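Worth saying up front: this structure is predicted, and the values here are computed from it rather than measured.
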Protein chains: 2
Amino acid sequence: MPKRVDHAERRTEIAEALIRVAGRRGLHAVGMRDVAAEAGVSLRLVQYYFQTKEKLLLFGLEQLAERFGERVSARVRAAGDQPGPRAMVEALLMAALPTDDESRTFHHLYTSYAVLAVHDQALAAQPFIKNPDAAEDALTELLRQAQEATLLEPGVDARLEAVGLLAMSAGLGTSILVGQRSPESAVTVLDHHLNRIFRTGDEAG
Amino acid sequence: MPKRVDHAERRTEIAEALIRVAGRRGLHAVGMRDVAAEAGVSLRLVQYYFQTKEKLLLFGLEQLAERFGERVSARVRAAGDQPGPRAMVEALLMAALPTDDESRTFHHLYTSYAVLAVHDQALAAQPFIKNPDAAEDALTELLRQAQEATLLEPGVDARLEAVGLLAMSAGLGTSILVGQRSPESAVTVLDHHLNRIFRTGDEAG
DNA sequence: AACATCGTGGTACGTTCGTATCACAAACCC
DNA sequence: GGGTTTGTGATACGAACGTACCACGATGTT
């Protein structure tokens, strides 16, 4: 049976199985055997492509961050057609909210990894810590552009505002995740804050 | 040896041992034996006072939430002496940031529980989900009072603002926890946002 | 054709975990 | 003061976990 096989592809498949099963049952509850079953391969294979569970988790995290980064930037690009930069800002912030299954899983697992990273140096050094920095830079740049087009209220510090908005979005995301808040109310909150930053361009005076 | 013993007190001691060891090594890594060792009792005793690990975790969470709620409200009360309501708002938001060991542990464990609660109904029904609601109400009330005293900028919705600020504080807290951001920069961000809500009362024009 | 390597399966090993069981001494009750 | 309850110790048990080991067929190389 053993034809030559693309290792990278195989690893990706297994990592996606990890993400699926971890999304269903929680990262803490997932074992190598679960991942193997979910991926439809034997336990031995998971061991073969990842030697250790830690490496599997690390790679799964990379996969997760990559997939979600693509999702967010795709949404932002899609919003780029619309009139103002506010649409892109909204797209960036809203895309990070856990509104559907995929983003719920992302939020959930990202938070799980963050918790593990508190005491795991290997995880703490992982680029998923750097990804928020990228989002921060992107949002800051968007706000700066809006500022130059005099679309923002005076007195707004683009970087501080970007950091705050991202933190707010993340915090709201957690609230949604645990069922404390509905996605709709989170959107309302974010919108209100954007309204206080952007000069009123909505039809509602 | 067995004198009659105060069960509630014993349970509290053991739960605090749980919090300590979970704070050191992560909630996912703590077992009954670890808790027993930390509390200086035998494994059997932990079993005796809590029948199951789940009950121990639940009680530990209650303990954690209670202890932290007291801490925050104490800080808010202490800030009540100062001139404006802004001081109390700041106290409320800053007290939730993981700046020292105690608040770091709280943030870390609270997030751990939140992650577990995503797939654990017993945890999801726990009052630690309701505690943020209390904070939200308190902060909303503080902002309303400030609003009546015309201390706020016009166009501010007290409730939406409260929700947003708490989410922002929580999000910033996570950033601090994973080492992405310093406590000082988080304070700066929060202050900037408060400056945009409160009419300028600082000496810096 | 011979041989080395790769992909794969099955399974065993040692550990750790949560829980259950057995035993017993001190304290309380009447 | 006999008997029940209560607090405590030690230890056993079954399951699950990550990992290691053994075997073997298919593939590629020379």
Trainee: If I take atom CD in residue B:Q51 and atom C1' in nucleotide D:dG7, what distance separates them, rounded to the nearest angstrom?
Mentor: 14 Å

Trainee: Rounded off to whole Å, could you give me the CD-to-C1' distance for the B:Q47 and D:dG7 pair?
Mentor: 14 Å

Trainee: For the side chain of A:L43, starting at C-beta, report the closest nucleotide among C:dT8, D:dT8, C:dT11.
Mentor: C:dT11

Trainee: B:R33 has a side chain; which of D:dT19, D:dG7, D:dA12 sits nearest to it?
Mentor: D:dA12

Trainee: Rounded to the Å, how far apart are A:R25 CZ and D:dA16 C1'?
Mentor: 13 Å

Trainee: Go nucleotide by nucleotide along DNA chain D from the 5' end; which of A:M32 and A:R44 gets its closest nucleotide reached first?
Mentor: A:M32

Trainee: Go through the steps for B:R86 and B:E90 under the test salt bridge (Lys or Arg N to Asp or Glu O under 4.0 Å), then give the verdict.
Mentor: CA-CA 6 Å; B:R86 165 152 181 178; B:E90 282 199 350; 3.3 Å; yes

Trainee: Taking only side-chain nitrogens and oxygens of A:H7, does any of them come within less than 4.0 Å of OP1 or OP2 of C:dC6?
Mentor: no

Trainee: Can A:S103 and A:D100 be said to form a side-chain hydrogen bond (donor to acceptor under 3.5 Å, both in side chains), step by step?
Mentor: CA-CA 6 Å; A:S103 49; A:D100 55 21; 2.5 Å; yes

Trainee: Ignoring backbone atoms, establish whether B:T52 has a side-chain N or O less than 4.0 Å from OP1 or OP2 of C:dG18.
Mentor: no

Trainee: May I have the distance from A:K53 (atom NZ) to D:dC17 (atom P), rounded to whole angstrom?
Mentor: 8 Å

Trainee: Whole angstroms only, please: what is the CZ-C1' distance between B:R10 and D:dT6?
Mentor: 12 Å

Trainee: Looking at A:S42, does any N or O in its side chain come under 4.0 Å of the phosphate oxygens OP1/OP2 on C:dG9?
Mentor: yes

Trainee: Heavy atoms under 4.0 Å, any strand shown: does B:Y49 hit a base, just sugar-phosphate, or nothing?
Mentor: sugar-phosphate

Trainee: Can you check the A:H28 NE2 to D:dC17 C1' distance for me, whole Å?
Mentor: 14 Å

Trainee: Are side-chain N/O atoms of A:D137 and A:T140 paired as donor and acceptor at under 3.5 Å?
Mentor: no

Trainee: Would you indicate, yes or no, if D:dG7 has its OP1 or OP2 atom less than 4.0 angstrom from a side-chain nitrogen or oxygen of B:Y48?
Mentor: yes

Trainee: Atom CG of B:L45 and atom P of D:dG7: how far apart are they, to the nearest Å?
Mentor: 10 Å

Trainee: Whole angstrom is fine here: how far is it from CD in B:E13 over to P in D:dT8?
Mentor: 10 Å

Trainee: Exactly one of A:R33, A:R20, A:R25 should register a salt bridge (Lys or Arg N to Asp or Glu O under 4.0 Å) with A:E38. Which one does?
Mentor: A:R20

Trainee: Which distance, rounded to the nearest 0.5 Å, do you find between the CG of B:L194 and the CD of B:E161?
Mentor: 9.0 Å

